[in-house]
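Source: prediction; values computed, not measured.
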Amino acid sequence: METVGAAEAGDVVADAVNEFFSLLFKGFAVGAKRLKDNMYASVADMTSQRWIRLAAVVIGYIMIRPYIDLGFRKWFDYDQRRKRAKEEAQRAAFGVSGDKKAKVSANSLRGTGKVLGEVENTDDELEEDEAKASGVPEWSGIARKRRKKYLKSLEKQTEKHAEELSEEQLLELLDWSESEDEKAGSKKSVSEKKDE
């Protein structure tokens, strides 16, 4: 007997749900039809007096809109000014004014982290600081030493090469004339000057 009652209860619930959704759908359908009919009737049956009234309302709204915005801004700004005045009154009660700045900055109170007598940044530390500031990944200590050693060796090679160059070779390197005849003529004049 209980199974028969449960089946009937399930049918009753299903019927109630179906009825609810059918009424909901019918309500939406009637509302959409009325909206369409009323919009059509209001536009189709408009007299010239109603068209003029509609145009006057739209133009009036366009003309008044900036003043409405201005009124709302003043209303909200009034609240902001009131809050600022209240905060300034509280600061004045505590003897703090907005114009004063601290005599000692927070960074100077924190300190630089150096021990007394410590030497300023070395070249290696400067390179680390530059790497951190640039966002480029830091090199390891070995790579930095290798790079520094390579740069020193390049410097020494250029100095050796500069010492090995003779005066004639230097003049040849510095000669910017475009034609080979001019270069040959300048070499002869240089060699003649040396002979003298």
Side-chain angles (χ1 to χ4, degrees), residues 6 8-144 147-148:
E8 289 176 10
D11 289 340
V12 171
V13 170
D15 289 339
V17 169
N18 284 337
E19 185 179 347
F20 171 75
F21 282 114
S22 65
L23 287 175
L24 187 66
F25 177 72
K26 285 179 186 175
F28 282 128
V30 168
K33 185 178 183 300
R34 285 182 184 169
L35 180 66
K36 184 185 94 171
D37 291 343
N38 289 340
M39 291 295 287
Y40 176 75
S42 65
V43 173
D45 297 337
M46 291 265 293
T47 63
S48 59
Q49 183 182 7
R50 285 187 158 206
W51 280 111
I52 292 171
R53 186 180 295 159
L54 179 66
V57 167
V58 170
I59 291 171
Y61 175 73
I62 291 171
M63 298 290 284
I64 295 174
R65 174 66 192 257
Y67 299 109
I68 293 171
D69 272 348
L70 185 64
F72 278 115
R73 284 186 193 150
K74 283 187 178 181
W75 184 31
F76 289 124
D77 286 344
Y78 174 74
D79 290 340
Q80 293 294 325
R81 284 192 304 251
R82 201 172 70 201
K83 283 182 184 178
R84 269 190 244 124
K86 186 177 179 181
E87 289 173 1
E88 288 176 9
Q90 286 177 347
R91 285 185 193 147
F94 287 113
V96 178
S97 69
D99 298 340
K100 291 184 179 179
K101 290 187 178 180
K103 292 179 182 176
V104 179
S105 71
N107 288 336
S108 65
L109 289 175
R110 287 186 198 115
T112 59
K114 292 183 181 177
V115 180
L116 290 176
E118 186 175 336
V119 180
E120 289 296 317
N121 285 345
T122 62
D123 292 340
D124 294 338
E125 289 175 356
L126 287 175
E127 289 175 6
E128 287 176 17
D129 292 343
E130 290 172 6
K132 288 178 186 174
S134 68
V136 177
E138 293 183 30
W139 288 2
S140 67
I142 297 171
R144 271 187 267 118
R147 180 177 173 264
K148 197 172 185 179

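- A donor-acceptor contact closer than 3.5 angstrom links the side chains of Y61 and R65.
- Atom CD1 of I68 is separated from atom CE of M63 by 12.5 Å, given to the nearest 0.5 angstrom.
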Go through the steps to decide whether M39 and L35 satisfy the test side-chain contact (heavy atoms from CB on, under 4.5 Å), and finish with yes or no.
CA-CA 6 Å; M39 291 295 287; L35 180 66; 4.2 Å; yes

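- Under the rule for a salt bridge (Lys or Arg N to Asp or Glu O under 4.0 Å), R73 has no partner lying at least two apart in sequence or in another chain.
- Salt bridge status for D77 with R81: absent, with no side-chain N to carboxylate O gap under 4.0 Å.
- The distance from the NZ atom of K74 to the CG atom of D79 is 14.5 Å, given to the nearest 0.5 Å.
- Using bins of under 30°, 30° to 60° and over 60° for the plane-to-plane angle, the ring pair F76/F72 lands in the parallel bin.
- Of the inter-residue distances, the one linking S22 atom OG with F25 atom CZ reads 10.0 Å to the nearest 0.5 angstrom.
- Rounded to the nearest 0.5 Å, atoms CD1 (I64) and CG (L70) are 13.5 Å apart.
- No more than 12 heavy atoms of other residues, nucleotides or ligands sit less than 6.0 Å from atom CD1 of I142.
- Atom CZ in R53 sits 5.0 Å away from atom CD in Q49 (nearest 0.5 Å).
- Note that CD of E88 and CD of Q90 are 11.0 Å apart. Values are rounded to the nearest 0.5 Å.
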